[in-house]
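The block underneath contains the structure these notes are about, expressed in structure tokens.
For this chain, numbers begin at 1 and follow the sequence in order.
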Amino acid sequence: MRRRLAREHTPCRPSWRCATCGAAWPCSPAKLGLLGRFRGDRVGLLVLLGELLVDAAGELPADVDLCARFITWARRQAETEPRRP
């Protein structure tokens, strides 16, 4: 169990850097983990990410693009592509 926890890509607060790899959180492994955990529940994933975005907004500088960092990547491709007539 301890080994598994050591590999989890979780945020260190208040910097919102990954505790494992040091990248801005959510890092790529965290995103993959979240997508797997919320497979079939995109709304649940977006609600969680929205809550985390609100927390991060109080701890990160105002010039950080929080929407791109926390929300945009999790939207379905069809939702982000322009609609065709």
Is it the case that atom CZ in Arg13 sees more than 12 heavy atoms from other parts of the structure closer than 6.0 Å? yes

Notebook entry, point to check: Should Val47 and Phe38 be regarded as members of a common hydrophobic cluster, given that ILVMFWY residues are connected when their side-chain heavy atoms come within less than 4.5 Å of each other, either directly or indirectly?
Noted result: no

Linking I/L/V/M/F/W/Y whenever their side-chain heavy atoms sit closer than 4.5 Å, directly or via other members, would Val54 and Phe70 fall into one cluster?
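As far as the 4.5 Å side-chain criterion goes, Phe70 and Val54 are not connected within one cluster.
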
Interatomic distance, CG@Leu35 vs CG@Asp41, rounded to 0.5 Å, equals 12.0 Å

Q) Roughly how far, to the nearest 0.5 Å, is the CG atom of Asp65 from the CD1 atom of Ile71? A)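 Rounded to the nearest 0.5 Å, the CD1-CG separation comes to 11.0 Å.
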
Verify, without hydrogens or angle tests, whether [X] (side chain) and [Y] (backbone) share a donor-acceptor contact under 3.5 angstrom.
| X | Y | value |
| --- | --- | --- |
| Arg17 | Gly22 | yes |
| Trp25 | His9 | yes |
| Trp73 | Arg69 | yes |
| Arg42 | Ala74 | yes |

Closest approach of Leu45 and Leu34, non-hydrogen atoms and distance?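 For Leu45 versus Leu34, the nearest heavy atoms are CD1-CB, 3.9 Å.
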
Tightest non-hydrogen contact, residues Leu60 and Leu66, listed as CD1-CD2, 3.7 Å

The single option from Cys27, Pro11, Cys12 that satisfies side chain to side chain contact (heavy atoms under 4.5 Å, CB included) with Cys18 is Cys27

Do the side chains of Trp16 and Val64 get nearer than 4.5 Å, heavy atoms only?
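In short, these two side chains do not touch, never coming nearer than 4.5 Å.
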
